[in-house]
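For reference, the structure is listed below as structure tokens.
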Amino acid sequence: MHASQGRSAGLGLALASAFAFGGSGVAAKPLIEAGLDPLHVVWLRVAGAALVMLPVAWRHRDLLRRKPGLLVGFGLLAVAGVQAFYFASLSRIPVGVALLIEYLAPALVLGWVRFVQRRPVTRAAALGVVLAVGGLACVVQIWSGLSFDLLGLLLALAAACCQVGYFVLSDQGADEAEPADPLGVIAYGLLIGALVLTVVARPWGMDTSVLAGRADLGGTSVPSWLLLGWIILIATVLAYVTGVVSVRRLSPQVAGVVACLEAVIATVLAWVLLGEHLETPQLLGGALVLVGAFIAQSTAPKAPSEGPVAGSEGERGEAGGGAVVGDRVPAADGEGAERGPAAGAEGELSGGRTSP
């Protein structure tokens, strides 16, 4: 029951994260159209969030000694890398294509878990990823304006790889006796990301007068600072916090598929707030993403039953058919979570499941 509640909470947090991330484009586009460079918007987003999280970083300053590699990796990959490579790719390939390639990350997460960590994934989880990616292709309408610019595709693929780093590093060390607090990891990740993006974006050349004026949001004039506040507090701080905690409660591959909803949410918000209407293929694609996310989430690990696992080949095969990556639902605050029996030898999985 405890594990089921943990998964439900994790799914809710993942959906909140997808909604928060999905709203960033709707708030950023009016600022860009008002005259701000896209990279400057990214720098303001990350640097502002880093300032908000500065007290949290100070509170968890012991992480600098305990987990320096994790903090640097999260800052470089999950914060600076995703943002910088994605925006760089937009200068060479269409936005929809770049977004689709970036959200190949859930499939890449499954590849990482299956072939690098050598842990099993179910056919259902893989099917969920296929449906989600196929739905994304419809949402972004990949068939319109596809351009095979090699450098642009490589940059978008680099953003997808950095997105994998976000999901994998968010789960790193969650099962340790003294796990790294997710809020501390986010705080230092934002600080490191802000430093890296300062070199890339060169904010000293930014047109700051835009921030003192107003921007057009779907025909409504709103203060630019209000949009920037939404980007910093909701689309960055809240999005990263709920996203990382959801990975701790679910698993990298499940949270990764749910994160695909970001593209759907972004498209719907653009429809409502910016008047960018959805077409029938996009609506169908959104439904596919929802179905794919549901299938992947429904394969989340269940708490193992007490007692020894049956050793017959038929029973092992039946148990293995419903297994997914991961054998835990860790609590976000680092408290103990329900876990299956630990593997006793290399290649052996919790609960006696065998790799397919």
Side-chain angles (χ1 to χ4, degrees), residues 4 7-27 29 86 93-111 121-146 156 159-160 163-164 166-167 218 234-235 239 242-243 246-247 249-301 322 324-325:
S4 177
R7 286 193 298 272
S8 298
L11 178 60
L13 289 169
L15 290 172
S17 178
F19 181 86
F21 274 126
S24 63
V26 174
K29 186 172 181 178
Y86 174 66
I93 61 177
V95 174
V97 178
L99 184 63
L100 177 61
I101 294 175
E102 181 183 343
Y103 276 89
L104 288 176
L108 297 178
V109 168
L110 282 179
V121 296
T122 60
R123 291 192 181 100
L127 175 61
V129 170
V130 171
L131 289 176
V133 173
L136 279 172
C138 296
V139 169
V140 302
Q141 294 184 315
I142 189 175
W143 53 84
S144 61
L146 182 62
Q163 188 90 323
V164 172
Y166 164 75
F167 292 112
I234 305 299
T242 53
S246 74
V247 174
R249 289 183 177 271
L250 296 170
S251 64
Q253 76 279 7
V254 174
V257 174
V258 177
C260 288
L261 293 173
E262 178 189 336
V264 179
I265 292 169
T267 305
V268 172
L269 289 177
W271 183 14
V272 174
L273 297 177
L274 300 179
E276 297 179 356
H277 298 288
L278 293 174
E279 298 179 3
T280 301
Q282 292 177 302
L283 292 173
L284 294 175
L288 277 179
V289 174
L290 289 171
V291 171
F294 174 79
I295 290 176
Q297 196 279 332
S298 66
T299 61
V324 298
V325 181

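Counting from 1, the numbers follow the sequence of the chain as shown. Computation of the quantities below employed the complete heavy-atom set of this structure, encompassing side-chain atoms and omitting hydrogens, waters and symmetry-equivalent molecules.
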Notebook entry, point to check: Ala20 and Ala239: which non-hydrogen atoms are nearest, and at how many Å?
Noted result: CB-CB, 3.6 Å
Next item on the list: Check Ala235 against Ser24 and note the closest heavy-atom contact, atom names and distance.
Entry: CB-CB, 3.5 Å
Note to self: Show the nearest heavy-atom pair for residues Gly243 and Ser17, with the distance to one decimal.
What the structure shows: CA-OG, 3.3 Å
Next item on the list: Measure the spacing between CZ of Phe21 and CD1 of Ile265 and express it to the nearest 0.5 Å.
Entry: 11.5 Å
Notebook entry, point to check: Nearest heavy-atom pair of Gly135 and Leu288: which atoms, and what distance?
Noted result: CA-CB, 3.7 Å
